[in-house]
Q: 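For reference, the structure I am asking about is given below.
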Amino acid sequence: MAASLGMKRRTLIVAGIGLLAAPAILRATASTAASRETSNMSAMMLPEINQFKLGSFKITAIRDGGNVLDKPFETFGTNQDPETVKKLLTDNFLPTEKFVNSYSPALIDTGSDVILVDTGFGAAGRERGLGKLQDGLKAAGYAADDVTVVALTHLHGDHIGGLMENGAPAFKNARYVAGQAEYDFWSSKAREGTPAEGGHKAVLANVVPLADKTTFIKDGDPVASGITAVLAPGHTPGHMVFHAESDGKRIVLTGDTANHYILSLLHPEWEVRFDMDKAQAAASRKKVFDMIATDKIAFLGYHMPFPAVGFAEKEGTGYRFVPKTYQFDI
Ligand SMILES: [Zn+2]
């Protein structure tokens with residue numbers, strides 16, 4: 001984790017953390033010693049933020065947290081021989097038996113709107129060292145009440161958990177944007193008694209109460225000025241990606257289109273356990289990343305290794321992840 005800590009120091013300096021952020025940082029530091037006792041790696045980390053300019057927009061990726069999960073070959077490349085998946089991991093300097101999953105909501109400050117894309121786990125993740133979005137917002141110099149729009153790529157628990165705090169909206173000045181197809185699927189009573197029932201209940205608790213303040217969108221619709229939604233289904237039935245453009249500079253927030261920077265990008269056709277329609281998800285992965293690679297646009301992937309932003313170049317039948325360095329700084 002040394003590289004990650006180094007990156008955190010650098011990104012915090014780049015972000016120009018002000019005095020306002022100090023209490024949050026001190027609180028997080030005070031909890032570090034206690035967390036170390038439980039050797040919970042993610043809980044001992046400060047909220048990490050990655051802030052950069054895109055034209056006249058200011059974008060902040062905030063790490064809601066991360067966790068270590070077992071057996072990557074049981075999540076990615078599930079239609080492959082596990083040895084094939086392990087070899088690709090080894091060839092790319094990664095361990096074969098465990099992997100780290102990151103969760104990165106992002107804030108797009110357009111000057112007229114502050115748009116939060118996805119909300120992390122919220123309170124439900126805090127015992128596991130997740131749910132750090134609120135602390136991260138403070139560290140980046142924002143208050144929850146500054147958020148004017150909350151846009152959701154899809155309605156899985158790690159994206160909607162932060163919508164509510166203590167039974168009330170966490171972003172009380174915000175309106176909401178969600179995909180119509182996505183909302184219709186998860187809010188339907190038809191999900192009862194199916195594998196999607198848990199997701200259905202989470203949507204009833206966190207999204208349905210906000211429906212009055214939600215704009216339900218379809219493919220090609222605007223999220224806010226400068227941001228357009230494009231349907232990229234398969235991970236979930238109405239999963240969307242968001243294209244942001246300012247002064248000719250572009251980034252795509254890819255949500256869960258691809259969730260491992262090696263396994264899912266080098267082999268977009270490999271099946272992923274969490275993709276509900278595996279063939280459709282693979283087709284969306286290829287379509288979205290082919291556009292990103294061809295047009296040489298940056299992307300921000302919700303589960304990409306923090307700082308969660310990079311580029312993709314074509315390699316073989318897939319794409320090689322190229323992490324961002326100083327492209328946005330000069
Ligand atoms: Zn996710």
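Note that ligands are numbered from 1 as they come in the structure, with each ligand's atoms numbered from 1 the same way.
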Q: Step through it carefully: locate the ring centre of F121, locate the ring centre of Y103, and say whether they are under 6.0 Å apart.
A: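 Centroid separation for F121 and Y103: below 6.0 Å.
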Q: Assess the side chains of S56 and S246: does a donor N or O sit below 3.5 Å from an acceptor N or O?
A: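 There is such a pair between these side chains.
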Q: Show me the donor-acceptor pairs within less than 3.5 Å that the side chains of residues 261-272 make with the rest of the protein, sequence neighbours left out.
A:
{"from": "H267", "atom 1": "ND1", "to": "E269", "atom 2": "OE2", "distance (Å)": "2.9"}

Q: Going by chain and residue number, what protein N/O/S atoms come nearer than 2.8 Å to the Zn ion (ligand 1)?
A: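 Protein N/O/S atoms under 2.8 Å of the Zn ion (ligand 1): D158 OD2, H159 NE2, D256 OD2, H303 NE2.
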Q: Any chance the side chains of H303 and D158 put a donor and an acceptor closer than 3.5 Å?
A: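 Short answer, yes.
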Q: Are R250 and F299 side-chain neighbours, meaning at least one heavy-atom pair lies under 4.5 Å?
A: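 Counting from C-beta outward, R250 and F299 never come under 4.5 Å.
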Q: Check the angle between the aromatic planes of F52 and F328 and answer parallel, tilted or perpendicular using the 30° and 60° thresholds.
A: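 Judged by the thresholds at 30° and 60°, the geometry between F52 and F328 is tilted.
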